[in-house]
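Structure, as structure tokens:
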Amino acid sequence: MPTFRAPRGTRDLLPADRAPFTRLERIARDLALRYGYHEMETPLFEQGAVFERGIGEATDVVEKELFRVAPSRGEERERWALRPEATAGICRAYVEHGMQTWPQPVRLTLTGPMFRYDRPQAGRYRQFWQWDVEAIGDPGPAVDAELVVLGARFYREAGLDDVEVLLNSIGDATCRPAYVAELAAYFRRHEAALPDVERARLATSPLRLLDSKEPAMAALVAAAPKITDRLCEACAAHFAAVRDHLDALGIPYRIEPALVRGLDYYTRTAFEFYRHGAEGQQQALGGGGRYDGLVELLGGKPTPGIGFALGLDRVVLALEAAGADAAPVGTPIAVVVGADPADTAGRLAVATRLRDAGLAVGADLSARRLGRQLEAAVRDGARFAVILGDELGDGAVQLRDLDAAAQKLVLVDDLVALLRRKSAG
RNA sequence: GUGGCCUUAGCUCAAUCGGCAGAGCAUCGGAUUGUGGCUCCGAAGGUUACGGGUUCAAGCCCCGUAGGCCACCCCA
């Protein structure tokens, strides 16, 4: 029984688990760079108010899932919170560093852990990894389309070709309040027909009834007023333009009028990346949208923005479910082994020389017998073993090809060049 | 936060009705003192998640807690 365990909802990513994340992070980084986005970092924690004000006091993320932390000593009265998502922190940084003076829009991206104090489940953790992309400072619909394309492209390159783009517009301060009121009134007229769960939600968040999982709600939701029919002129034009841009790019998407996102800051364009998985699988692989009021909420000038976040943990799970081959783990080209159990210095010296020359080389520094060392080298995936023995007195070693089970005497001075050629070919 | 199912060695799992806690894989060592993948032998590894209760006796029955999974809630 281990005395200590990883905290609930967190887990250790052992080398084999870490490998697919490394692969996805590389794809994300390369892709972002190709699309002109610049990598940055924000702190893993912020003043709680950044999230409370940015994401919204009444959202689930802030109300029940915020991971609050406080220093155990010191004068600080400030309450801190681990970031539950990246957008609010990035916008805080945008304001703090005066990025409105940079050429607009500012295209930013980051990858890292997020934290939500939620009840864990497969694909839902208290610490999880997101790739986040933001374009701040451009009000136009074209950049909306750029982001959707970038996200969709990521899944393709990662190896998931059945990810669907769900698209909606949730209006802005001009048209949304009226729509929400109309929707609430509609459901109140049918209150008697509502399941208990939904009647309770009606008071707090009428929009949520739209994506209810209650079968009894299907007909009611289908007949409910649609936000897409109630958009103000500006929002409707924006939405149409986003669709035109996607159509022009040949990006398939599905209009989903029931798509409402859980954070208060969203305006207009909202989208989600969705994959029909096996039962019980988390199917929302990522999502994003426009947040034209967020920067101002955080103390900046009125500035439009749009972004998305993709859950890397869920992509890894989806890849496994799709039967994708596990990403190969980095393996050394050779392992240095020794016949003399006492001569660890010689093994380390030869290995260091090869490593300093840029080769990926393991070193067996154990006192076990040569056969065991070779066995371990094979298990490590090495193609060659550099065997140190009496020949070392003449400056030579045995270079053994572990696949062919053949070896030859080689001068230590020639090793680097030889292995370089082998690892290149 | 609500409800259901689950938890035995590092991993995957056995253990009849409540009656001596086991196997395979992995690890380490030996057969083989300078040559691997196969084989053989051996060692180590357990407070049966944790705490309590019932019983002559609990891995097994009961209660509580923790963790995992699932359905909600919500979301990545």
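The chains referred to below are lettered A, B, ... by the order of the sequence lines, with proteins before strands, and numbering in each begins at 1.
- In this structure, the OH atom of A:Tyr117 is 15 Å from the C1' atom of B:rC73, given to the nearest Å.
- When both pairing distances are held under 3.5 Å, B:rU65 makes a Watson-Crick or G-U pair with B:rA49.
- Counting heavy atoms from C-beta on, the side chains of A:Leu147 and A:Tyr35 never come closer than 4.5 Å.
- The residue A:Gly389 sits close to a base: some heavy atom pair falls under 4.0 Å.
- Screening A:Arg124, A:Arg11, A:Arg126 for a salt bridge (Lys or Arg N to Asp or Glu O under 4.0 Å) involving A:Asp313 leaves a single residue, A:Arg11.
- Look at A:Arg8 and you'll find a side-chain N or O under 4.0 angstrom from OP1 or OP2 of B:rG68.
- Among the candidates A:Tyr117, A:Phe51, A:Phe45, the single residue satisfying the ring pair (Phe, Tyr, Trp, His ring centres under 6.0 Å) test with A:Phe67 is A:Tyr117.
- Of the residues near RNA chain B, A:Gly9 and A:Trp129, the one whose nearest nucleotide (by heavy atom distance) lies more toward the 5' end is A:Gly9.
- Distance A:Leu66 CG to B:rA76 P: 15 Å, rounded to the nearest Å.
- Checked against A:Val386 for a side chain to side chain contact (heavy atoms under 4.5 Å, CB included), the options A:Leu399, A:Val410, A:Val412 give a single hit: A:Leu399.
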Requested in this report: For nucleotides 35-43 of chain B, just jot down a letter per nucleotide in 5' to 3' order: B, S or -, based on protein non-hydrogen atoms under 4.0 Å.
Outcome: BBB------
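- B:rG51 and B:rG46 have their P atoms separated by 16 Å, given to the nearest Å.
- In terms of position on RNA chain B, the residue among A:Ala367 and A:Asp390 whose nearest nucleotide sits closer to the 5' end is A:Ala367.
- Separating the P atom of B:rG53 from that of B:rC13 is a span of 32 Å, rounded to the nearest Å.
- Rounded to whole Å, atom P of B:rC72 lies 8 Å from atom CD of A:Gln121.
- Atom P of nucleotide B:rA76 and atom CG of A:Leu259 are separated by 10 Å, given to the nearest angstrom.
- Here A:Arg379 reaches the OP1 or OP2 of B:rU27: one of its side-chain N or O atoms lies under 4.0 Å away.
- Aromatic ring pairs are classed by plane angle as parallel below 30°, tilted from 30° to 60° and perpendicular above 60°; the pair A:Trp131 and A:Phe154 is tilted.
- Judged by distance alone with a 3.5 Å cut-off, a donor-acceptor contact links the side chain of A:Arg116 to the base of B:rA76.
- Across the protein-nucleic acid pair, A:Tyr125 atom OH and B:rC75 atom P stand 19 Å apart, rounded to whole Å.
- Rounded to whole Å, the C1' atom of B:rC11 lies 16 Å from the corresponding atom of B:rG68.
- Contacts of A:Asp60 with the nucleic acid, taken as non-hydrogen atoms under 4.0 Å apart, involve only primed sugar atoms and P, OP1 or OP2.
- Pairing partner, B:rG42: B:rC28, with both Watson-Crick or wobble hydrogen-bond distances short of 3.5 Å.
- Taking atom C1' on both nucleotides, B:rG1 is separated from B:rG59 by 33 Å, rounded to a whole Å.
- What separates CD of A:Glu65 from P of B:rC73 is a distance of 13 Å, to the nearest Å.
- The OH atom of A:Tyr266 sits 6 Å away from the P atom of B:rA76 (whole-angstrom rounding).
- Remark: the separation of the C1' atoms in B:rC63 and B:rA58 is 15 Å, to the nearest Å.
- Rounded to whole Å, the P atom of B:rG36 lies 41 Å from the corresponding atom of B:rA21.
- A distance of about 11 Å separates the P atoms of B:rG10 and B:rG45, rounded to the whole Å.
- Atom CG of residue A:Leu285 and atom CG of residue A:Leu160 lie 7.0 Å apart, to the nearest 0.5 angstrom.
- Remark: the A:Arg124 side chain and the B:rC74 base include a donor-acceptor N/O pair separated by less than 3.5 Å.
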For a quick test of your reading: what N or O donor-acceptor pairs under 3.5 Å do the side chains of residues 335-345 of chain A make, sequence neighbours left out?
| unit_1 | atom_1 | unit_2 | atom_2 | d |
| --- | --- | --- | --- | --- |
| A:Asp340 | OD1 | A:Ala342 | N | 2.9 |
| A:Asp343 | OD1 | A:Gly346 | N | 2.9 |

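- Pairing for B:rG1 goes to B:rC72, judged as Watson-Crick or G-U wobble with the two contacts each under 3.5 Å.
- Note on ring orientation: taking the six-membered ring where Trp is involved, the planes of A:His190 and A:Tyr186 are tilted (angle from 30° to 60°).
- B:rA23: Watson-Crick or G-U partner is B:rU12, with both key distances under 3.5 Å.
- Put simply, CG on A:Asp313 is 12 Å from P on B:rC69, counting in whole angstrom units.
- Annotation: side-chain hydrogen bond (donor to acceptor under 3.5 Å, both in side chains) contacts involving residues 355-367 of chain A, sequence neighbours excluded, comprise A:Asp364-A:Ser366, A:Asp364-A:Arg368, A:Ser366-A:Arg368.
- Rounded to the nearest Å, the gap between the C1' atom of B:rC41 and that of B:rU48 is 29 Å.
- Taking the side chain of A:Arg368 as heavy atoms from C-beta on, and the options B:rA76, B:rG29, B:rG34, the nearest nucleotide is B:rG29.
- Summarising the base pairing, B:rC17 is matched to no nucleotide, lacking a Watson-Crick or G-U wobble pair whose two defining distances lie under 3.5 Å.
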